[in-house]
Amino acid sequence: MKTSNNCRLVVVLILYFSSLEPLYTQNLENLSQQKPVSLSGNIDLRGIYYSANGISPRYPSTSYVLSGAPTLNLYGLAIPFAFTFSNQESKIAQPFAQFGLSPTYKWLTLHGGYRNVSFNQFTLGGHTMLGGGIELTPGKFRMGFMYGQLNKATKLDSTTLSLVPVAFDRTGMAVKIGYGTDKTFFEISALKASDKMGSALFDVSAQQGNPNLSSTTAAENLALGLNMRISFSSKLSWDTEAGASGYTKDVNSSAEIDKSKLPISGNTLDQLLKVNGTTELYTAVQTALRYKSRSWGLRLQYRRIDPEYKTMGAYFFNSDIENITIAPQFSIFKNKFRFNGSIGLQRDNLNKQKKTESKKVIGSANLSTDFTEKLGLDINYSNYSNNQTPNALRISDTVRITQTTQNLSINPRYTILGEKQSNSIMLSYNLMDLQDFNNTYSQDSKSRNLSSQNIFLNYNLSFNASNFSIYSTLNYTTITGSYLSDKNYGVTLGSDKSWKDNKFNLRGSVSYLLGDRGGEKSTIINGNFGATYQVNRHHRFALNSFLISNSPQAASSTNLKYTEIRGEVSYNLLF
């Protein structure tokens, strides 16, 4: 059987076992109460029609998609599947191919397969590991151990070099021991991990002509962590999480280091970590003091992470950063007035090795109040200031940056809830403003200031007895700057109606917008209609259609006159 280019049939059957803890943590203590076998999830079949006039089509004219996400449960162990059968795809993808489980009995938990375990964010901090481990919490003791593969070696095509950067097989071992409860505890943890030379399936040292390969070296890492919490009372607590990571970038390097200046003897250190001229030591700490009462609270936090801090037990750190944050919150007048916010100072270039140093002020405030049972107001504000100045070396003024980004949202609301009908009116104003205070450019240079405003006025009327509602929205949106000017304003009308205990639903809306993009004006019409029929708890049918029409006053290459129509018919099976 031949397959045409216009109708390529691709079957994607993905059997995946996700590493999400809630799905795969099986409590053996309640095994007798679990159902032996059960099936949950859904299967969806959709037929799609698409038409475009005035532009190149972005989808096939007709297509279909059969997809599903059923989950098989065996004595409480969830095993999800996912599959897609469609003529839209052109290749097979397999985003998940992992299996793991963590059975639990009282204070004992075993880990096996692909697991995401976190002992400390600066040692083993949620990195996927293929292996096994154990966690024990007898009484107030807190212990854990994990061993396995952190990374799989890259299988490189030496002719195309299609898989770079290159990676080795990487294995690691992590341990945690502590004592305490959730309110007050003390834990120490450690991670030892290393790359396996020769596992990358090619000779790295021989690839001198390719910088992607010749710079790839086998590394080794030893990270130590501290995690603690002290609750002085039910309202006041102190949390600290810290780490120190010794990272040797090239275990085969001939560069030497003066081990006499190290805090511990060289022989002892060599048993823990291969130390040479490529070894770096990084530190990180996050500590916070919290006070929380019924009506108010305050959090004082300090965070510092050395430049290039890394551990093989975590994927990424926003390093070279130090910040101090103060975050108050309170509620008054019987919780009718609520406020929470934060303000902080942040800087980088901690080791004074960069050519520039950035200092930032970050603040936010959220206010919510209910004046009456009907009238309320929500206000949100955030401020992000960045001041980058030269340091150590003189640099061009054009890379000096002093900017402030502000975001403001004001949302008054008025709601009337009645037995027969309900009315609600909401006004929303959103402002984003970027101010560039760099005055070092020439007078002929254009400003880089940018501002956007969004205003929406929405009215909704619901008739409770008949399950019928109508709504309307007035909107106005602008984006202005030295290089652009974009405006859209118009009205949207819509309605929603349900029958037979909400089993059958009809809905639809239409929007009429006027657009002005740099003087090029156009009329934009958006419309959609949908219907849903829920036969019973297992079967559902749906129909959806969409229309987009753009009619410029004068068509151009950047503002085309076009119409798009899309329709869908679907059937959904629920287990």
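Computation of the quantities below employed the complete heavy-atom set of this structure, encompassing side-chain atoms and omitting hydrogens, waters and symmetry-equivalent molecules.
- When all heavy atoms of Leu417 and Ser422 are compared, the closest pair comes out as CD2-OG, 3.8 Å.
- Nearest heavy-atom pair, Thr563 versus Ser549, reported as atom, atom and distance to 0.1 Å: OG1-OG, 3.8 Å.
- Put simply, the side chain of His111 reaches to within 4.5 Å of the side chain of Met146, judged on heavy atoms.
- Glu520 pairs by the side chain to side chain contact (heavy atoms under 4.5 Å, CB included) definition with Ser556, Thr558, Asn559, not counting sequence neighbours.
- Residues passing the side-chain hydrogen bond (donor to acceptor under 3.5 Å, both in side chains) test with Asn423, sequence neighbours excluded: Tyr459.
- Looking at Phe456 and Tyr429, their side chains never come closer than 4.5 Å, going by heavy atoms from C-beta outward.
- With sequence neighbours excluded, the residues forming a side-chain hydrogen bond (donor to acceptor under 3.5 Å, both in side chains) with Ser511 are Thr492, listed by chain and number.
- The salt bridge (charged side-chain N to carboxylate O under 4.0 Å, His left out) analysis of residues 473-492, with sequence neighbours excluded, yields the pairs Asp486-Arg517.
- Residues meeting the side chain to side chain contact (heavy atoms under 4.5 Å, CB included) test with Ser466, sequence neighbours left out: Phe463, Phe468, Lys497.
- The shortest heavy-atom contact between Ala288 and Arg290 is CB-NH1, 3.7 Å.
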Start with the C-alpha gap between Asn411 and Ser428, add the side-chain angles, then the distance that decides, and say whether side-chain hydrogen bond (donor to acceptor under 3.5 Å, both in side chains) holds.
CA-CA 5 Å; Asn411 302 284; Ser428 178; 2.7 Å; yes

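- Summarising the local packing, CZ of Phe330 is surrounded by more than 12 heavy atoms from other residues, nucleotides or ligands at distances under 6.0 Å.
- In summary, the aromatic rings of Phe575 and His538 are positioned with their centroids too far apart to meet the 6.0 Å limit.
- Within the structure, ring-ring contact (aromatic ring centres under 6.0 Å, His included) pairs that include any residue of residues 406-428 do not occur (at least two apart or interchain).
- A pairwise comparison of heavy atoms in Asn464 and Gln421 identifies ND2-N, 3.6 Å as the closest pair.
- Looking at Thr128 and Arg115, their side chains never bring a donor and an acceptor atom within 3.5 Å of each other.
- Across all non-hydrogen atoms, the minimal contact from Ser451 to Leu431 is OG-CD1, 3.8 Å.
- In this structure, the side chain of Asn383 does not engage the main chain of Gly363 through any donor-acceptor pair within 3.5 Å.
- Side-chain contact between Gln553 and Thr523 is absent, with no heavy atoms from C-beta onward closer than 4.5 Å.
- Between Gln149 and Arg170 the shortest side-chain heavy-atom distance does not fall below 4.5 Å.
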Tabulate below the donor-acceptor pairs under 3.5 Å that side-chain atoms of residues 525-533 make, not counting sequence neighbours, or state none.
{"unit_1": "Asn528", "atom_1": "ND2", "unit_2": "Ser509", "atom_2": "OG", "d": "2.7"}
{"unit_1": "Thr532", "atom_1": "OG1", "unit_2": "Arg507", "atom_2": "NH1", "d": "3.1"}
{"unit_1": "Thr532", "atom_1": "OG1", "unit_2": "Arg507", "atom_2": "NH2", "d": "3.3"}

Walk me through it: do Asn460 and Ser462 pass the test side-chain hydrogen bond (donor to acceptor under 3.5 Å, both in side chains)?
CA-CA 7 Å; Asn460 186 283; Ser462 299; 3.0 Å; yes

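- Between Asn572 and Ser570, the side chains place no donor N or O within less than 3.5 Å of an acceptor N or O (distance only, hydrogens not considered).
- From Ile565, atom CD1 reaches atom OG of Ser545 across 9.0 Å, with rounding to the nearest 0.5 Å.
- Separating the CD1 atom in Ile470 from the CG atom in Leu461 is a distance of 5.0 Å, to the nearest 0.5 Å.
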In a table with atom names and distances, give each donor-acceptor pair under 3.5 Å that connects a side chain of residues 471-480 to protein atoms at least two apart or in another chain.
{"unit_1": "Thr473", "atom_1": "OG1", "unit_2": "Asn458", "atom_2": "ND2", "d": "2.8"}
{"unit_1": "Thr477", "atom_1": "OG1", "unit_2": "Asn454", "atom_2": "OD1", "d": "3.2"}

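- Between Leu547 and Val510, every side-chain heavy-atom pair lies at or beyond the 4.5 Å cut-off.
- Here the closest heavy-atom approach between residue Asn550 and residue Ser522 is recorded as OD1-OG, 3.4 Å.
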Could you walk me through whether Phe122 and Ile305 pass the side-chain contact (heavy atoms from CB on, under 4.5 Å) check?
CA-CA 10 Å; Phe122 301 121; Ile305 302 179; 4.2 Å; yes

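- Within 6.0 Å of NZ on Lys292 lie more than 12 heavy atoms contributed by other residues, nucleotides or ligands.
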Take Asp370 and Lys334 through the salt bridge (Lys or Arg N to Asp or Glu O under 4.0 Å) test and state the conclusion after the steps.
CA-CA 10 Å; Asp370 299 313; Lys334 298 181 179 180; over 6 Å; no

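- Between the Asn335 side chain and the Arg338 main chain, no donor and acceptor come within less than 3.5 Å of each other.
- Electrostatic pairing of Asp378 and Arg413 counts as a salt bridge here, judged by a charged N lying under 4.0 Å from a carboxylate O.
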Please determine whether side-chain contact (heavy atoms from CB on, under 4.5 Å) holds for the pair Ile362 and Asn323, giving the CA-CA distance in whole Å, both sets of side-chain angles, and the decisive distance to 0.1 Å.
CA-CA 10 Å; Ile362 303 174; Asn323 62 51; over 6 Å; no

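- In terms of modelled atom types and a separation under 3.5 Å, the side chain of Thr311 and the main chain of Gly313 share a donor-acceptor contact.
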In sequence, state the C-alpha distance, the side-chain angles, and the governing distance for Gln534 and Lys500, and then conclude on side-chain contact (heavy atoms from CB on, under 4.5 Å).
CA-CA 10 Å; Gln534 185 79 40; Lys500 296 183 178 181; over 6 Å; no

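- Sorted by first and then second residue, the salt bridge (charged side-chain N to carboxylate O under 4.0 Å, His left out) pairs with a member in residues 555-575 read Arg46-Glu568, Arg58-Glu564, Arg566-Glu568; sequence neighbours excluded.
- A search for side-chain hydrogen bond (donor to acceptor under 3.5 Å, both in side chains) contacts involving Asn340 returns Asn366, not counting sequence neighbours.
- The shortest distance between side-chain heavy atoms of Phe371 and Lys336 does not fall below 4.5 Å.
- Residues satisfying the side chain to side chain contact (heavy atoms under 4.5 Å, CB included) test with Ser498, not counting sequence neighbours, are Asn467, Asp496, Asn502, Asn505.
- Partners of Ser56 under the side-chain hydrogen bond (donor to acceptor under 3.5 Å, both in side chains) rule, at least two apart in sequence or in another chain, do not exist in this structure.
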Go through Ser295 and Ser331 one step at a time and tell me if the side-chain hydrogen bond (donor to acceptor under 3.5 Å, both in side chains) criterion holds.
CA-CA 5 Å; Ser295 58; Ser331 62; 5.8 Å; no

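- The closest donor-acceptor contact from the side chain of Asn151 to the backbone of Asp169 lies at 3.5 Å or more, if one exists at all.
- Side chains of Ile425 and Leu457 form a contact here, defined as non-hydrogen atoms less than 4.5 Å apart.
- By the 4.5 Å heavy-atom criterion applied to side chains, Val569 and Tyr49 are not counted as neighbours.
- Judged by distance alone, the side chain of Asp516 and the main-chain N or O of Gly519 form a donor-acceptor pair under 3.5 Å.
- Applying the 6.0 Å contact sphere to CG of Asp501 captures no more than 12 heavy atoms from other residues, nucleotides or ligands.
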Let's go through Asn407 and Tyr381 carefully: what are the C-alpha distance in whole Å and the side-chain angles of both, what is the deciding distance for side-chain contact (heavy atoms from CB on, under 4.5 Å) to 0.1 Å, and is it a yes or a no?
CA-CA 6 Å; Asn407 293 276; Tyr381 174 79; over 6 Å; no

